[in-house]
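One structure is given below, encoded as structure tokens.
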Amino acid sequence: MPSPKSKSAARSGGSPVLGSSNDRYEFKSLTKPLNRSPSPHLRQRQGSDPTAARLRASDSPTPRRGSSSSTGSTGQVGQEEDGIRLNPSFFAVALSSLLAVDLWLSKRLGVCACEDSSWGSVRPLMKLIEVSGHGIPWLAGTVYCLCKSDSATGQEVMLNLLMGLLLDLVLVAIVKAVVRRRRPVYNRMDMFATFSVDRYSFPSGHATRAAMCGRFLLAHLVLAAPLRVLVLLWTGMVGLSRVLLGRHNVTDVVFGFWMGYCQYNLVEMLWLSPQTLQELLGQSA
């Protein structure tokens, strides 16, 4: 029979607990937490359950060492990457816009890219202009004039023109090999006497050659006014034919004209006279 103390304790809201020493019921207040350790069987189940382990790790008030710093650094790097993607530089935006306009305009102007194009009937004439700006006819014609010239002034002019043509070939090949810009997809590779670097588009070798040779002829040959106008028209038509035939983009031709203009200045700086050439040949011998 329970004692009066146990009855009074029960009325006060306690919970019965079986004691280990005197087999009596003892009562403790429900307001105090019971620090009971789980049974070995329960501890084994909790250790083997990965879900419970993750819950215990997430409920732990003490964070792991270095977790807050690593999370903060990762968040900061992510924010910086988002800022880079969302805030591109002005140069990148301008370059992308220029390339987009270049591709669009070049495709619109490629009206002679094939026989089925809107100006396909003019394609043979454009190909004839293309051959007139090719390097092989210019090299062959310069060597022929150099051998047939009787005056020292004529030989000097042809010698430096030959040097300029060789310099043009080397510089254009280097720039094409470095940039490696592909030709337009609508281009037909039916060009006259192409080489390995000619599969690249930037810059236009015809445009560089036309600009350099045009300046050279206007500066060192005595030409009448109609012939000077004809030289200027030929230079512009060579560059325009590259875009109409679909060989190059507009920026390839524009940069080619600028590069050929600068090449003429380089030829003037390295100008060779017959006396200088003989001195160089005598020193090498």
Side-chain angles (χ1 to χ4, degrees), residues 125-176 191-195 197-198 202-243 245 247-248 250-285:
L125 177 61
M126 293 295 106
K127 294 190 68 174
L128 180 62
I129 298 176
E130 177 185 60
V131 174
S132 69
H134 199 277
I136 293 180
W138 275 94
L139 288 171
T142 303
V143 172
Y144 177 81
C145 293
L146 178 61
C147 296
K148 293 295 183 178
S149 179
D150 296 332
S151 63
T153 304
Q155 292 179 356
E156 180 179 355
V157 170
M158 291 296 107
L159 176 64
N160 286 273
L161 178 59
L162 179 62
M163 183 187 69
L165 292 172
L166 295 176
L167 181 66
D168 172 73
L169 291 175
V170 173
L171 294 179
V172 170
I174 291 174
V175 176
K176 283 188 174 184
M191 293 182 291
F192 169 72
T194 58
F195 300 94
V197 294
D198 288 329
F202 186 88
S204 171
H206 284 69
T208 59
R209 191 174 302 110
M212 186 197 68
C213 293
R215 285 196 68 189
F216 192 95
L217 295 179
L218 293 176
H220 296 283
L221 294 183
V222 179
L223 300 175
L227 292 179
R228 298 177 71 87
V229 174
L230 184 61
V231 170
L232 292 175
L233 288 177
W234 171 81
T235 302
M237 286 302 299
V238 169
L240 181 61
S241 68
R242 311 308 293 157
V243 181
L245 288 171
R247 308 294 195 199
H248 294 276
V250 176
T251 52
D252 303 336
V253 176
V254 173
F255 185 84
F257 279 141
W258 177 81
M259 186 174 173
Y261 187 90
C262 296
Q263 284 177 356
Y264 172 78
N265 295 334
L266 185 59
V267 171
E268 290 291 330
M269 292 173 57
L270 303 175
W271 187 267
L272 291 176
S273 62
Q275 294 79 13
T276 306
L277 181 61
Q278 292 178 1
E279 291 176 0
L280 292 175
L281 293 177
Q283 290 178 1
S284 61

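The structure displayed is predicted, hence computed values, not measured ones.
When each of Val253, Ile129, Val250 is checked for a side chain to side chain contact (heavy atoms under 4.5 Å, CB included) with Arg242, only Val253 meets the rule.
Arg247 places a side-chain heavy atom less than 4.5 Å from the side chain of Glu130. Side-chain contact between Asn160 and Glu268 is absent, with no heavy atoms from C-beta onward closer than 4.5 Å.
Residue Leu162 holds its CG atom at 11.0 Å from CG of Leu167, rounded to the nearest 0.5 Å. Put simply, OG on Ser273 and CD on Gln155 are 12.5 Å apart, with the number rounded to the nearest 0.5 Å.
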Dump the intermediate steps for side-chain contact (heavy atoms from CB on, under 4.5 Å) on Val170 and Ile174, then the final yes or no.
CA-CA 6 Å; Val170 173; Ile174 291 174; 3.9 Å; yes
Applying side-chain contact (heavy atoms from CB on, under 4.5 Å) to Cys213 and Leu165, what does each step give before you reach the verdict?
CA-CA 8 Å; Cys213 293; Leu165 292 172; 3.6 Å; yes
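Residues His220 and Glu156 bring no donor and acceptor atom of their side chains to less than 3.5 Å of each other.
Nearest heavy atom pair, residue Met158 against residue Cys145, reads SD-CB, 3.5 Å. Across every non-hydrogen atom of Trp138 and Leu217, the tightest pair is CH2-CD1, 3.9 Å. Shown here for Val267 and Phe216, the closest heavy-atom pair between the two residues is CG1-CE1, 4.3 Å. Across all their heavy atoms, Arg215 and Tyr264 have their closest contact at CZ-CD2, 3.2 Å. The shortest heavy-atom contact between Leu146 and Leu159 is CD1-N, 4.0 Å. Closest approach of Leu270 to Met163, counting heavy atoms only: O-CE, 3.4 Å.
Partners of Thr208 by side-chain contact (heavy atoms from CB on, under 4.5 Å), not counting sequence neighbours, listed by chain and number: Asp168, Val172, Met259, Gln263.
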Between side-chain atoms of residues 221-240 and protein atoms elsewhere (two or more places apart, or another chain), which donor-acceptor pairs fall under 3.5 Å?
{"residue": "Arg228", "atom": "NH1", "partner": "Leu218", "partner atom": "O", "Å": "3.3"}
{"residue": "Trp234", "atom": "NE1", "partner": "Ser132", "partner atom": "OG", "Å": "3.1"}
{"residue": "Thr235", "atom": "OG1", "partner": "Val231", "partner atom": "O", "Å": "2.9"}

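Applying the salt bridge (charged side-chain N to carboxylate O under 4.0 Å, His left out) test to residues at least two apart or on different chains, the pairs with a partner in residues 251-261 are Arg181-Asp252.
Not less than 6.0 angstrom separates the ring centroid of Trp258 from the ring centroid of Tyr261.
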